[in-house]
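Worksheet: the structure to be examined is printed underneath.
Indexing begins at 1, ligand by ligand and atom by atom, following the structure's order.
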Amino acid sequence: MAEAPLIDAFARLHDNLRISVTDRCNIRCFYCMPEDGVKFMPREEILSFEEIARFARVAVSLGVRKLRITGGEPLVRKDLPVLIEKLTAIPGVEDIALTTNAVLLADQAEDLYRAGLRRLNVHLDTLDRARFAHITRRDDLPKVLAGLDKAQALGFGPIKINAVAVKNLVEPDIVPLAQFGRARGIEIRYIEFMPLDAQGLWDKGKVLLQDDMLRLLAEGIGPLEEIPDRDPRAPASEFRFTDGLGRIGFISSVSHPFCLNCNRIRLTSDGKLRYCLFAIEETDVKGLLRSNASDDAIRATIRETVARKWIGHEINTQKFVAPPRPMYSIGG
Ligand code: SAM
Ligand code: SF4
């Protein structure tokens, strides 16, 4: 008998699973990780590829159709293409994507492509080498650009760029990134700075807001219009330039929260299931995976977690409490 889909108490259908494969990273974006002294999870706490693939298979039996691999930096996990191959082989998976900083992409792109991966979200905040080094504390912009070149040459697509929007910092980057996207056929997605940084640097005054970015883009390039008839459950609001060249997306968790459309659950690299990026609680599934629990037991745990899902984060209220894990450890 077919399983009932994952619908929560607010009638939201969950068909999207984000899988973090590591909490480690090869760069140190200040809004995500501290510069030094990061404590990473011991290797034995991290799910194996077999454990991840089994969990994904069970989630797919509950109606999950889209998978996204993230981290930390997923490309620092050894042999990632082996996992991609396992996941693309699961019947019912319709879409698989990777979120990466692309520092190692040029080296791994061919193997990833061969494993069946096509969709990439590349994290890049600036095309200015000095500002890149300031934000990430590593001088790796040339490697990221080489990774993008290689991925486009191999035929990956769609490729999107994720840029984190921090006020009084990246304003000079908004227009050049959009121009880069227009020239290369890449959608740029600006992500409002969220309170998930390891050092507690966030406050609302440091968020460069969607409306301010729209104004910068309209002044610097030309008019934009909202794209009509989009999937109402997609997190980004999307715009196009009216000259027909280029798309822009905004993930505006602060100024335009989209919790009511959320279709996502998240598996952390150490095997915790989360119903929200900002959730305070999480459910252990590693214990189940490592104790020969049945698929039914895992299905029941996924259902219970979705059933407990809250209506949404409270970033804009006094009630907001930052989650106990920073972004790199949850999986963005
Ligand atoms: N390392 C990969 C990367 O950077 O794309 C994958 C993991 S990273 C945590 C996922 C996404 O989170 C990145 O694309 C980055 O843009 C975003 N991110 C990290 N810290 C953030 C923050 N404090 N606010 C908003 N977005 C953030
Ligand atoms: Fe690493 Fe991604 Fe976090 Fe930057 S945002 S420190 S690339 S995990």
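Salt-bridge check for K150 with E110: passed, with a basic side-chain N closer than 4.0 Å to an acidic carboxylate O. Between R119 and D95, at least one side-chain nitrogen of the basic residue sits less than 4.0 Å from a carboxylate oxygen of the acidic one, meeting the salt-bridge criterion. For D8 and R308, the salt-bridge test fails: no basic side-chain N is under 4.0 Å from an acidic carboxylate O.
For NZ of K286, the number of neighbouring non-hydrogen atoms (other residues, nucleotides, ligands) closer than 6.0 Å is greater than 12.
Using cut-offs of 30° and 60° on the angle between ring planes, the pair H134 and F30 is tilted.
Which parts of ligand 2 touch I27 is read off a 4.0 Å heavy-atom cut-off, strictly below it: atoms 6 (S), 7 (S). The contact set between ligand 2 and C25, taken as ligand atoms under 4.0 Å from a residue heavy atom, comprises 1 (Fe), 6 (S), 7 (S), 8 (S).
No donor-acceptor contact under 3.5 angstrom links the side chains of D296 and S294, judged on distance only. Side-chain contact, T99 with R68: a donor N or O sits under 3.5 Å from an acceptor N or O.
Shortest contact from atom 2 (Fe) of ligand 2 to any protein heavy atom: H123 ND1, 4.0 Å. With hydrogens left out, the protein atom closest to atom 3 (Fe) of ligand 2 is C32 SG, 2.5 Å, a heavy atom. In terms of protein heavy atoms, atom 4 (Fe) of ligand 2 is closest to C29 SG, 2.3 Å.
Shown are E192, K204, Q210; of these, the side chain to side chain donor-acceptor pair (under 3.5 Å) with S255 is made only by E192.
For ligand 1, the protein residues within 4.0 angstrom (heavy atoms only) are Y31, C32, T70, G71, G72, E73, T99, T100, N101, H123, N162, V164, I191, E192, F193, M194, M327, G332.
Close to ligand 2: G72, with a non-hydrogen atom less than 4.0 angstrom away.
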Checking salt bridge (Lys or Arg N to Asp or Glu O under 4.0 Å) for the pair R182/D243: CA distance, chi angles, key distance, verdict?
CA-CA 11 Å; R182 276 157 62 88; D243 65 4; 2.9 Å; yes
